[in-house]
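Start at 1 and go down the list; that is how both ligands and their atoms are numbered. FYI, side chains are in, hydrogens and waters are out, and symmetry mates aren't considered; it's all heavy atoms of this structure.
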Amino acid sequence: MNIPFNKPYFSGKEADNLTEAAMSGHISGNGKFTKKCHEFFTTKYGFKKVLLTTSCTDALEMAAILLDVKQDDEIICPSYAFVSTANAFFLKGAKIVFDDSEANNPNIDADKIETLITSKTKAIVIIHYGGVACNMDKIMDIANRHNIFVVEDAAQAIDGYYNNKALGSIGHLAAFSFHETKNIISGEGGLLVINDDRFIERSEIIWEKGTNRAAFFRGEVDKYGWVDIGSSFLPSELIAAFLYAQLQSIDSIQDLRKKIWNYYHAKLTFLENEGKATLPTIPNYSGNNAHLFYILTNSLQERTEFLKFLNNKGIKAVFHYLPLHQSPYYKAKHDGRELPNAVKFSQQIVRLPFFNDITTIEQDYIIDKIFEFYSRKQ
Ligand SMILES: *Cc1c(COP(=O)(O)O)cnc(C)c1O
């Protein structure tokens, strides 16, 4: 059997929406489908203001512009992270101060954040890893007491919750991804969420190349021109049309993913019961959006053997995130603190194949091979 790691999923409505967008004569950005997507997100998740972007990376770069991140500002972010999470702020000249992960969860260690804050700290950028919520009460409390901002990198967190609040609705700003490896996809694509009123007006200008074009089309100004910095962050209507088809099916997509996640979890608990490996932990304040499923092996050597074994059986399991504080680009700029949990997750995580139409037969095959690996090892 050959089981890929990921397969893009189509709800069935994408082609119709793409045709409709193409036939409408408006395929550049900020048209009918963009508005439909915007309305969907604000209505369903209570986000104050949203703007589709061409990627989560772009949304994070918009966040850096909105926060006016400058040379010598400091940004706190987890080391166990995707490159863009840090790079978006580094691009503006910020120093990245890396925090460790929690011991039993790849998310940022909220208890250590306060020790990293200085008079130069501008923002805390957090990732809800695998759609599992960070400890947002703690993080928002620290940010409010120090008068700094919180950006949620919610790339993996669509339809995730912290207590009863949608992830992406809590920080001052948030960024989502619709890259083809996420729950809801448009090939490449993203979303910036603006929850703080102070950033709303400027966000549209930055989105539209530094012009007040959006206000012009609403009839609020009689001509538009260059009013601030910006770039071309908005996606074409073709991307929005594709995305909207996915959003219309979000509930059934999420049902499918939760079933897959629960199946893996139920069938693999023996690993934890027998002390052979660890499964994802979901704190009681977090929902589960079933973005990914991982097994935490006991060592790098075991992980290497495990991945090789699975790959030899046609199962495309993978690992990810080399800790950014040890990356070739940032290593020499890091202040030298050791971040053992980030290193542990980097060395020990194995992500199992996870896509909406994976079959029970395929899942059973994977589970069977995992069982075989851990039986052989005894
Ligand atoms: C996927 C991902 C990104 C990047 O998303 P793009 O849309 O590809 O730019 C950023 N951060 C995290 C945590 C991600 O998982």
J.: To the closest 0.5 Å, what do you measure between CE (Met140) and CG (Asn135)?
T.: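 CG of Asn135 is found 12.0 Å from CE of Met140.
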J.: Pair His38, Tyr45 - check ring-ring contact (aromatic ring centres under 6.0 Å, His included), show working.
T.: CA-CA 11 Å; His38 285 176; Tyr45 298 117; over 10 Å; no
J.: Which residues pass the ring pair (Phe, Tyr, Trp, His ring centres under 6.0 Å) test with Tyr365, sequence neighbours left out?
T.: none
J.: Not counting sequence neighbours, list each pair that qualifies as a salt bridge (Lys or Arg N to Asp or Glu O under 4.0 Å) and has a residue in residues 37-46.
T.: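 Output for this query lists Lys44-Asp251.
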J.: Please report, to 0.1 Å, the donor-acceptor pairs under 3.5 Å made by any side chain of residues 290-298, with sequence neighbours excluded.
T.:
unit_1	atom_1	unit_2	atom_2	d
His291	ND1	Asn183	OD1	2.8
Thr297	OG1	Ser299	O	3.3
Thr297	OG1	Gln348	O	2.9
Asn298	ND2	Lys276	O	2.9

J.: Does ligand 1 have any N/O pairs with the protein under 3.5 Å, and how far apart?
T.:
unit_1	atom_1	unit_2	atom_2	d
ligand 1	5 (O)	Ser177	OG	3.3
ligand 1	7 (O)	Cys56	N	2.9
ligand 1	7 (O)	Ser177	OG	2.7
ligand 1	9 (O)	Cys56	N	3.3
ligand 1	9 (O)	Thr57	N	2.8
ligand 1	9 (O)	Thr57	OG1	2.5
ligand 1	11 (N)	Asp153	OD1	3.3
ligand 1	11 (N)	Asp153	OD2	2.7
ligand 1	15 (O)	Gln156	NE2	2.9
ligand 1	15 (O)	Lys182	NZ	2.8
ligand 1	15 (O)	Tyr321	OH	3.4

J.: May I ask you to say whether Arg145 pairs ionically with Glu114, meaning some side-chain N is under 4.0 Å from a carboxylate O?
T.: yes
